[in-house]
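Submitted below is the structure of interest, expressed as structure tokens.
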Amino acid sequence: MRRENDMVDHKDLAQLQAQVEELRDIISIMPGHIYWLDRHNIFRGCNIEQAKSAKLASPNDIIGKTNYDMLWKEQAASLDAINLQVMETGTPYSCEEIALMATGVRTYLSQKVPIKNQKGEIIGLLGISVDITDRKLMEQELREAKEKAEEANQVKTEFIRNMEHDIRTPMCGILGVATYVKTKVEGQLQELLSDVEVSSNELLEYFNNILEFSQINSDIAPLIMDSISIKDIVDSVCRMELSAAKNKNLELIVSYATEIPSLLISNKFRIHRALLNLVSNAIKFTDKGYVKMMLRVELQAEDKALLSISVEDTGIGIPVTDRTIIFDKFTRGDLSNRGIYKGTGLGLWIVKQFMTELGGTVSLTSEINKGSIFTLSIPVSIPTLERHSHDNNN
Ligand code: ADP
């Protein structure tokens, strides 16, 4: 009977021992740094990674040592203090630690938890530390790169502001003088001044496109919603594009399909630039016929309306395959690419961006060799005073 019990005990013990060894093997190869200490901050064991980074031949060599015996003895006092705090309060602790290891100074994300016996008494501490040195370095590099990019962006913004003043202003001056002197002279001189006018306009258009490209998504052109006169915008676009249309013998027509409130609430700058881009494209891609702006305002709710502005031309038209891509930045149609028509490929992209900012859309219908119609649909508000006068007029 006794012999039988002895045999059972031996079997259980062997099994238990095998289990313990299996667990020890698992712990010793676990990634990260694993170590455990007793209540007196004396190491009772660790895994292979921890032993390696402490320059110990095997995990067993750590047993009986304290933080003061290790490579990181400089930090021993603060490490011990944290460990004692965890063991006294029983509250797990998570922190970043910097320590001198075999591979140099490393940063760790450490988690420390109290070890309890079966009675619930705290008998030591288990620590798991993950090396985050490379991640910290990357974070630092990213932070520095972001700061540099922000600085560069600021320099770009200032450069654009200066360009706006230093280039656009004299260009407008040249254009104004050429237009004025043209009316005072005749013959060849007048033709030459027309060339100056056309070239200055082209340069100004290039410049405006590049400038606006840089301004989109920056703080240079804030989206301020204000009372605006659509008719004034249309008049200004006509004034700016009249000589280009005349030079190509094109008719520039404006038609109002509905009554247009004298004031609407939207963003003047964006509508003006979008319309200007569409009209100057229409003139550029049309050799005979007309360019027509058609406007309508449809009331939707008490103070809401939809403003539609279509720009129709009798020009070369746009192939179906190009009708989506031409709205991408730096993308141009086939003929433009072949150098027949000049441009940057930015105009329609700017139009699309501005429409998105205003909550509107730009759409296109076209027929090859017959012409194209670009339509801006912009939700607008109607100012209170304007609504009353509109009601009275009806
Ligand atoms: P750009 O005119 O500077 O090339 P845009 O973005 O304004 O750039 O236009 C992109 C392309 O769309 C043009 O190159 C042209 O191929 C086509 N396009 C734009 N408007 C018209 C139009 N009214 N008629 C024919 N093609 C047009």
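When a ligand or atom number is given, it counts from 1 through the structure's own listing order.
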Per-atom contacts of ligand 1 with Gly345, taking only distances under 4.0 Å to non-hydrogen atoms: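 In order of numbering, the contacting atoms are 1 (P), 3 (O), 4 (O), 6 (O), 8 (O).
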Glu357-Gln353 side chain donor-acceptor pair, cut-off 3.5 Å: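 On atom types as modelled, these side chains do not qualify, holding no pair under 3.5 Å.
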Ligand 1 atoms in contact with Lys284 (distance to a heavy atom under 4.0 Å):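 Listed by number with element, the hits are 1 (P), 2 (O), 3 (O).
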Mode of Phe374 contact toward ligand 1 - side chain, backbone, both, neither (heavy atoms, under 4.0 Å):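 Phe374 to ligand 1: side-chain contact only, backbone stays beyond 4.0 Å.
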Ligand 1 N/O within reach of Arg332 N/O, cut-off under 3.5 Å: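 Yes.
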Residue part near ligand 1, for Asp322, under 4.0 Å between non-hydrogen atoms: neither
Numbered atoms of ligand 1 (with element) below 4.0 Å of Ile318, judged on heavy atoms: 18 (N), 21 (C), 25 (C), 26 (N), 27 (C)
Smallest separation among heavy atoms of Glu97 and Ser110, with atom names: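 Looking at all heavy atoms of both residues, the closest pair is OE1-OG, 2.7 Å.
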Within-4.5 Å side-chain heavy-atom neighbours: Ser236 and His272: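 In contact.
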Proximal ligand 1 atoms for Gly317, defined as those under 4.0 Å from one of its heavy atoms: 25 (C)
Asn277 heavy atom under 4.0 Å from ligand 1: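 In this structure, Asn277 fails to qualify as a contact of ligand 1 - no heavy atom is under 4.0 Å.
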Atoms in ligand 1 flagged as close to Gly347, the criterion being non-hydrogen separation under 4.0 Å: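 Once the distances to Gly347 are compared, the set is 5 (P), 6 (O), 7 (O), 8 (O).
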Numbered atoms and elements of ligand 1 in range of Ser372, under 4.0 angstrom, heavy atoms: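 Those of ligand 1 that fall under 4.0 Å from Ser372 are 24 (N).
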Heavy-atom side-chain contact between Arg332 and Ile326 under 4.5 Å: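 Side chain of Arg332 against side chain of Ile326, heavy atoms only: no contact under 4.5 Å found.
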Under 3.5 Å: N/O of Leu348 near N/O of ligand 1: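 Yes, Leu348 has an N/O under 3.5 Å of an N/O on ligand 1.
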Under-4.0 Å salt bridge between Lys116 and Glu121: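 Salt bridge between Lys116 and Glu121, a charged N being under 4.0 Å from a carboxylate O: no.
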Residues Asn60 and Ser58: side-chain donor-acceptor under 3.5 angstrom: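 Judged by distance alone, the side chains do not pair up.
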Leu346: numbered ligand 1 atoms lying under 4.0 Å from its heavy atoms: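 Those qualifying, in numeric order: 6 (O), 8 (O).
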Stepwise side-chain contact (heavy atoms from CB on, under 4.5 Å) check, Arg44 with Ile42: CA-CA 6 Å; Arg44 308 307 312 169; Ile42 297 170; 4.0 Å; yes
CZ-OG distance between Arg24 and Ser28, expressed to the nearest 0.5 angstrom: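 With rounding to 0.5 Å, CZ (Arg24) is 8.5 Å from OG (Ser28).
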